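A short worksheet on the structure shown next.
When a ligand or atom number is given, it counts from 1 through the structure's own listing order. When reading the values below, keep in mind they use all heavy atoms of this one structure, side chains included, and skip hydrogens, waters and symmetry mates. Fair warning: this is a prediction, and the values are worked out from it, not measured in the lab.
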Amino acid sequence: HAKMAGRRRVSIFGAQMDDAIQNRAAIEAELREALRTKTGLSVVYQPKYAIDGVRMLGAEALVRWQHPERGPISPAVFIPVAEEANLIADLGLWVLETACRDAMDWPVEHLAVNVSPVQLRSAGFAETVFAALAKVGFPASRLELEVTETDFADAEEIGVENIKTLTAAGIAIAIDDFGTGSSTFERLREISFDRIKIDRSFVKNITESEGDAELVRAMISMAHAKGLKTTAEGVETAEQRDILRSFGCDELQGYLLGKPMPPTQLIQVFGAGLAATAAM
Ligand code: C2E
Ligand code: MG
Ligand code: MG
Ligand code: MG
């Protein structure tokens with residue numbers, strides 16, 4: 001009986017695997033088509049605020065894909081597909097150009113764009129970024145690229161070279177999801193970067209866990225000692241904001257302050273901010 005059950009389990013698992021593979025193949029084909037026709041893809045922007053919660057310092061571009069039948073598909077699902085299907089270079093470039101065009105006249109210090117490790121590790125990536133900036137006329141000094149910490153841990157020579165070339169041109173580098181990766185301090189010493197973005201999982205626990213609060217405090221002071229700026233990701237409550245403020249965190253991002261939104265809506269937020277400042 002045990003053997004039968006075991007075999008049945010295996011076959012059910014096998015069927016699920018087949019479904020997953022088919023689903024993935026379909027997503028890949030549909031994403032390729034979406035990218036070719038530029039339909040269903042868009043870029044939304046999440047504001048990044050100074051610690052006062054009033055001054056908007058920047059905005060982070062986040063790609064969206066609205067599938068005609070499946071509805072919205074999360075980037076957490078389709079970015080890995082794009083990476084494996086050799087579509088990430090095209091997708092990443094499209095996001096970068098779209099974001100630079102959108103953000104051209106925005107009254108913020110920086111535009112942040114996420115970069116896949118696959119892009120970062122490809123030869124000529126830095127030059128691709130420069131070409132995109134030149135095409136749109138967006139200044140390098142206003143661009144910040146976000147790379148996840150894990151990517152630094154196993155960054156190869158090309159990745160390190162790309163980062164050096166980008167930073168030499170005035171582009172800022174932020175380490176995304178800081179605290180979740182496995183970067184050695186030696187690795188971090190080798191690469192020059194500008195900001196750490198403290199992962200949402202730490203921010204989430206900051207009010208409940210003394211340990212996590214201490215870790216966040218330590219991350220912020222370590223970053224400051226190294227001359228780096230700090231951004232807290234996923235700030236959802238006023239309590240979290242207040243603790244982060246007491247720790248001297250530089251920048252806040254999260255649903256408490258603003259969700260990712262289309263550019264038309266973000267422009268209205270600028271308007272409201274300016275009105276608030278004028279009224280003071
Ligand atoms: P990320 O760069 O760490 O972006 C933060 C994610 O957290 C975003 O999810 C954002 O919508 C979400 N978020 C922001 N504030 C809050 C909050 O207060 N609470 C909660 N629960 N979530 C919050 P999203 O847009 O689904 O993106 C997921 C990930 O996909 C991103 O993580 C990034 O790694 C990747 N991604 C998104 N757009 C791009 C892109 O254009 N290129 C690349 N390579 N990756 C991208
Ligand atoms: Mg990011
Ligand atoms: Mg993040
Ligand atoms: Mg992430």
Which atom, among the N/O/S set of Asp176, is closest to the Mg ion (ligand 2)?
-> OD2

Set of salt bridge (Lys or Arg N to Asp or Glu O under 4.0 Å) partners for Glu28, sequence neighbours left out | Arg32

With a cut-off of 2.8 Å, does any N, O or S atom of Glu146 fall short of it relative to the Mg ion (ligand 3)?
-> no

Measure from the Mg ion (ligand 3) to each N, O or S atom of Glu233 and report whether any distance is below 2.8 Å.
-> yes

Just jot down the ligand 1 atoms closer than 4.0 angstrom to any heavy atom of [X], in number order.
{"X": "Val95", "value": "41 (O)"}
{"X": "Pro260", "value": "11 (O)"}
{"X": "Gly254", "value": "15 (N), 18 (O)"}
{"X": "Ser116", "value": "44 (N)"}

Closer than 2.8 Å to the Mg ion (ligand 2), do we get an N, O or S atom from Glu60, backbone or side chain?
-> yes

Below 2.8 Å, any N, O or S contact between Thr148 and the Mg ion (ligand 2)?
-> no

Near Asn86 CG, under 6.0 Å, is it more than 12 heavy atoms from other residues, nucleotides or ligands?
->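 Atom CG in Asn86 is not crowded, with 12 or fewer foreign heavy atoms closer than 6.0 Å.
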
Just go through Arg200, Glu233, Gln119 and tell me whose heavy atom is the nearest to atom 6 (C) of ligand 1.
->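 Considering heavy atoms of Arg200, Glu233, Gln119, the nearest to atom 6 (C) of ligand 1 sits in Arg200.
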
Name the option, out of Gln46, Gln253, Glu83, that contains the heavy atom nearest to atom 15 (N) of ligand 1.
->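 It is Gln46 that holds the nearest heavy atom.
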
Polar atom proximity, Asp177 to ligand 1 (N or O, under 3.5 Å) | yes

Answer yes or no: does an N/O atom from Val63 fall short of 3.5 Å to an N/O atom of ligand 1?
-> yes

Is the closest heavy atom of Glu60 to ligand 1 under 4.0 Å?
->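 It does, in that a heavy atom of Glu60 comes within the 4.0 Å cut-off of ligand 1.
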
Of all pairs that satisfy ring pair (Phe, Tyr, Trp, His ring centres under 6.0 Å), the ones with a partner from residues 21-54, not counting sequence neighbours |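 Sorted result for residues 21-54: Tyr45-Trp106.
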
With a 3.5 Å cut-off and no angle check, do the side chains of His110 and Lys48 form a donor-acceptor pair?
->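 The criterion, which ignores hydrogens and geometry beyond distance, is satisfied for Lys48 and His110.
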
Exercise: do Gln240 and Lys204 side chains pair donor with acceptor under 3.5 Å =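 Short answer, no.
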
Are Asn205 and Arg200 close enough, and set up right, to give a side chain to side chain donor-acceptor pair (under 3.5 Å), and what steps lead you there?
-> CA-CA 9 Å; Asn205 292 337; Arg200 188 170 81 223; over 6 Å; no

For ligand 1, note which part of Asp176 has a heavy atom under 4.0 Å away: side chain, backbone, both or neither.
->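 Within the 4.0 Å criterion, Asp176 contacts ligand 1 through side-chain atoms alone.
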
